[in-house]
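Working notes, structure below.
Since we're looking at a predicted model, the values are computed, not measured.
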Amino acid sequence: MKFVAVTSCPTGIAHSQMAAENLEQTAQANGHEIDVEVQGAMGQENELSSEAIEAAEAVIIAADTSVNQDRFADMPVVNGPVKEAVNDADGLLERAIEEADGAATATTPSEPGVETDVAASIDGDIEGSSDSVKRGGDPSKGLFARLKRLLS
């Protein structure tokens, strides 16, 4: 699947970067594509193009600040704090997949534009999910490891 994401924290120095990096690594490890925009006190990095937004099946917003969501109108959006993207990117991606699948089944093919009750069609079980939860990415590739190597 193809996703776009926005990470944002008040300072935008470390947590936004770590969240973006973790989302990218987790998506790639699970065979998904993702473009991540980082917002912070220093401005925007890797601003999402309109083409990337159009191609995406869902949007992930991991932010502790206000993020303008106008450009994501009519798209399934998953919101969470930056901490969730740092500690549980798998969970955010799973929620985004559920939202994208729900949006795809929200209209019936025989009657375009007619919405159905998506919540009634989704049960609480996720088939194929495992009890073990992988948290974080490869620590040796993370921001802290890179900074440690740079400063040592």
Side-chain angles (χ1 to χ4, degrees), residues 1-107 115 118-119 122 124-152:
M1 292 187 101
K2 174 80 171 146
F3 301 101
V4 291
V6 177
T7 63
S8 176
C9 69
T11 54
I13 296 170
H15 291 101
S16 300
Q17 297 289 341
M18 291 186 322
E21 189 173 297
N22 200 25
L23 283 169
E24 289 170 346
Q25 289 177 356
T26 303
Q28 183 180 14
N30 290 308
H32 302 294
E33 293 180 43
I34 191 166
D35 291 320
V36 184
E37 175 180 300
V38 179
Q39 296 181 0
M42 305 298 282
Q44 293 180 336
E45 293 179 24
N46 303 327
E47 187 173 350
L48 297 171
S49 67
S50 56
E51 293 83 17
I53 295 170
E54 278 184 36
E57 297 175 61
V59 179
I60 299 171
I61 298 180
D64 294 335
T65 60
S66 177
V67 173
N68 185 344
Q69 298 184 21
D70 292 345
R71 59 190 167 160
F72 308 123
D74 301 324
M75 293 184 72
V77 178
V78 172
N79 289 293
V82 171
K83 182 179 179 179
E84 189 173 359
V86 172
N87 295 329
D88 188 20
D90 279 320
L92 274 176
L93 282 168
E94 286 176 18
R95 287 178 33 210
I97 291 168
E98 289 175 12
E99 288 291 322
D101 288 343
T105 59
T107 58
E115 296 198 14
V118 175
I122 299 175
D125 296 302
I126 300 172
E127 293 182 32
S129 67
S130 66
D131 293 333
S132 66
V133 176
K134 179 183 174 203
R135 299 202 183 252
D138 182 0
S140 66
K141 296 180 181 176
L143 179 63
F144 288 128
R146 292 191 330 228
L147 286 171
K148 186 176 178 181
R149 285 191 301 269
L150 178 69
L151 297 174
S152 56

From [atom1] ([X]) to [atom2] ([Y]), nearest 0.5 Å:
| X | Y | atom1 | atom2 | result |
| --- | --- | --- | --- | --- |
| D35 | L23 | CG | CG | 12.0 Å |
| E99 | I97 | CD | CD1 | 11.5 Å |
| E33 | E57 | CD | CD | 9.5 Å |
| E21 | T26 | CD | OG1 | 10.0 Å |
| K83 | M18 | NZ | CE | 11.0 Å |
| H15 | D64 | NE2 | CG | 8.5 Å |

F3 and L92: side-chain contact (heavy atoms from CB on, under 4.5 Å), yes or no, with the steps? CA-CA 11 Å; F3 301 101; L92 274 176; over 6 Å; no

Quick one: closest heavy-atom pair of [X] and [Y], and the distance?
| X | Y | value |
| --- | --- | --- |
| C9 | V82 | CB-CG2, 4.1 Å |
| A96 | I60 | CB-CG1, 3.8 Å |
| A62 | A85 | CB-CB, 3.6 Å |
| A52 | V4 | O-CG1, 3.5 Å |

Residue pair [X] / [Y], side-chain heavy-atom distance below 4.5 Å:
| X | Y | answer |
| --- | --- | --- |
| M1 | D101 | yes |
| V6 | R71 | yes |
| V38 | Q17 | yes |

Checking side-chain contact (heavy atoms from CB on, under 4.5 Å) for the pair N46/V36: CA distance, chi angles, key distance, verdict? CA-CA 7 Å; N46 303 327; V36 184; over 6 Å; no

Exactly one of R95, E84, Q69 should register a side-chain hydrogen bond (donor to acceptor under 3.5 Å, both in side chains) with N79. Which one does?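 Among the candidates, only Q69 passes.
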
Has [X] got a side-chain atom pairing as donor or acceptor with [Y]'s backbone, closer than 3.5 angstrom?
| X | Y | answer |
| --- | --- | --- |
| E37 | L48 | yes |
| N68 | D70 | yes |
| T7 | S16 | yes |

Return yes when atom CD of Q28 has more than 12 non-hydrogen atoms of other residues, nucleotides or ligands closer than 6.0 Å, and no otherwise.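 No, not enclosed.
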
